[in-house]
Structures are given as C-alpha cells and as structure tokens.
Amino acid sequence: QSVLAQPPSVSGAPGQRVTISCTGSSSNIGTDYGVHWYQQLPGTAPKLLIFDNSNRPSGVPDRFSGSRSGTSASLAISGLQAEDEADYYCQSYDNSLSAVFGGGTKLTVL
Amino acid sequence: QVQLQESGPGLVKPSETLSLTCTVSGGSISSYYWSWIRQPAGKGLEWIGRIHSSGTTNYNPSLKSQFSMSVDRSTNQLSLRLSSVTAADTAVYYCAKYSGSYFSYFDSWGQGTLVTVSS
C-alpha cells in the first residue's frame with residue numbers, strides 16, 4: 001500500500017480535461033517538501049512532468065498543470081490527447097526523509 | 001543533460017546477492033544525490049534509497065536492510081547490492097538523479113534493468 005493515495009484509473013475523451021488526485025498526510029505532502037509528478041508511458045522509464053507542486057520542466061506542454069493544498073495535490077491535464085495515455089505518479093517526502101510515491105494512476109484516453 | 005544506464009545480470013537465484021550498476025554519462029557524478037527505485041511488473045514505484053557522490057547514504061526504512069549502495073567517482077558509476085534475494089525482489093530497477101538538494105525531484109532516469117529472481 002502506497003504512502004500517497006491516487007485513484008487507480010481515470011479516463012477522458014480527447015480534448016477534455018481530467019484531474020488526478022494525490023492524497024497524503026501532515027507527515028508528507030503537508031510538509032514543505034513539495035510534490036512532484038511523473039509520467040510513465042508504456043514500457044518506458046518515468047519522466048518528470050511537474051516539480052515543486054506546480055512547475056513544468058522545459059518541454060512539457062502547458063496542458064499539464066499541478067497544484068497543492070494542505071495534505072493533497074492534484075495534476076490536471078487539459079486538451080486531452082491520445083499521447084497522454086500513460087501512468088502518472090505523484091512523489092513527495094516524509095518525516096523519515098524517504099521519498100514516497102503514490103500508487104500510480106492509469107490514464108485512458110477514450 | 002546526463003544520461004543514466006543500468007546494467008545487471010537479469011536473472012538471479014533466490015538467496016543469492018544481486019549487483020546492479022548505473023553508469024552516468026554526459027556529466028559528472030560529483031556533487032549530486034542519486035537514487036535507486038524499483039518497480040515490480042504492473043505495480044508502482046518504490047524508493048530504495050539515496051546516495052550522495054561523497055558516499056553518504058539513506059535507505060528506505062520500510063525495506064529490509066538488505067540493500068547497499070556505493071558510488072565510484074573514478075568511473076562515474078553507482079552500484080546497488082541486494083543480498084538474500086527472494087521472488088519479491090523481482091522488478092525493474094531504475095537509477096535516478098536528484099535535481100539538486102536532499103529533498104528535490106528526480107530529473108533524470110535510466111531506462112531501467114529487469115531483474116528476475118527465480119531458480
């Protein structure tokens with residue numbers, strides 16, 4: 001069981017907007033460590049998508065956005081495209097100084 | 001941007017010791033933190049631990065203390081050793097680079113190496 005809770009799956013039609021939640025606690029997301037998001041396309045390694053709650057690395061489309069409030073965070077994907085079909089993971093740190101991940105959310109583009 | 005490449009035996013017998021290497025190219029291993037992360041087939045990511053280029057390590061307290069990480073600055077390589085492996089250790093193992101500080105994000109990942117524990 002993962003420290004951070006994510007919905008196992010979400011889906012949306014092309015062009016729609018979807019959000020993926022990441023729920024933690026006061027010992028991880030509720031701290032100031034920040035939340036990061038990774039996209040894992042089928043058969044590939046994870047790739048950084050959002051860092052420090054809401055920042056996009058160079059090259060990541062602005063269709064992807066992140067936010068954090070209290071002990072939760074969320075990833076929003078607008079203008080859904082077929083190429084967005086992937087697994088998405090949130091990550092933060094906890095009071096044991098360990099990196100913790102969410103269980104992952106599979107995004108299906110209908 | 002640095003590139004990371006994991007390598008390992010692929011298949012290991014139960015109770016044996018697994019050794020993996022991560023070769024870093026396109027940049028120096030020095031002054032950064034590095035991590036090993038594993039992913040069983042069809043499951044999520046599990047952080048194994050972090051190591052600084054100086055050799056300082058931190059391990060996931062939720063895992064048994066069977067992991068050992070090291071760094072070789074002369075060859076720009078990281079190593080992971082896992083003793084007394086069981087089937088539960090079957091996974092893809094990734095090495096990843098921290099962007100900066102102790103609590104930062106992973107900005108570069110290797111392609112991963114599949115380790116299967118089976119007799």
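Sequence lines set the chain letters: A, B, ... in the order given, protein chains first and strands last, and positions in each chain run from 1. These numbers come from a predicted model, not from an experiment.
- Residues of residues 87-100 of chain A lying within less than 4.5 angstrom of chain B, judged on heavy atoms, are A:Tyr89, A:Gln91, A:Tyr93, A:Ser96, A:Leu97, A:Ser98, A:Ala99 in numerical order.
- Under the 4.5 Å side-chain contact rule for hydrophobic residues, B:Leu80 and B:Val2 share a cluster.
- With hydrophobic clusters built from ILVMFWY side chains whose heavy atoms lie under 4.5 angstrom apart, B:Ile29 shares a cluster with B:Tyr93.
- Among B:Val92, B:Leu45, B:Asn60, B:Asp107, the residue making the largest number of heavy-atom pairs under 4.5 Å with chain A is B:Leu45.
- Hydrophobic clustering (side-chain heavy atoms under 4.5 Å, transitive across Ile, Leu, Val, Met, Phe, Trp, Tyr) groups A:Leu80 together with A:Trp37.
- For B:Tyr32, the OH atom sits in a loose shell: 12 or fewer heavy atoms of surrounding residues, nucleotides or ligands are nearer than 6.0 Å.
- In terms of heavy atoms, A:Leu48 sits closest to B:Tyr105 at CD2-CD1, 3.3 Å.
- The local environment of CZ in B:Arg81 is sparse, with at most 12 non-hydrogen atoms from other residues, nucleotides or ligands closer than 6.0 Å.
- Contact annotation for B:Ser35: neither backbone nor side-chain heavy atoms come within less than 4.5 Å of a heavy atom of chain A.
- Between B:Phe106 and A:Tyr38, the ring-plane angle classifies as tilted under the 30° and 60° cut-offs.
- For CD of B:Gln3, the number of neighbouring non-hydrogen atoms (other residues, nucleotides, ligands) closer than 6.0 Å is 12 at most.
- Annotation for A:Leu110: hydrophobic cluster partners, listed by chain and number, are none (ILVMFWY side-chain heavy atoms under 4.5 Å, direct or chained).
- The cluster map of Ile, Leu, Val, Met, Phe, Trp and Tyr, joined by side-chain heavy atoms under 4.5 Å apart, puts B:Ile37 and B:Leu63 in different clusters.
- Within the 4.5 angstrom heavy-atom criterion, only side-chain atoms of A:Gln40, from C-beta onward, approach chain B.
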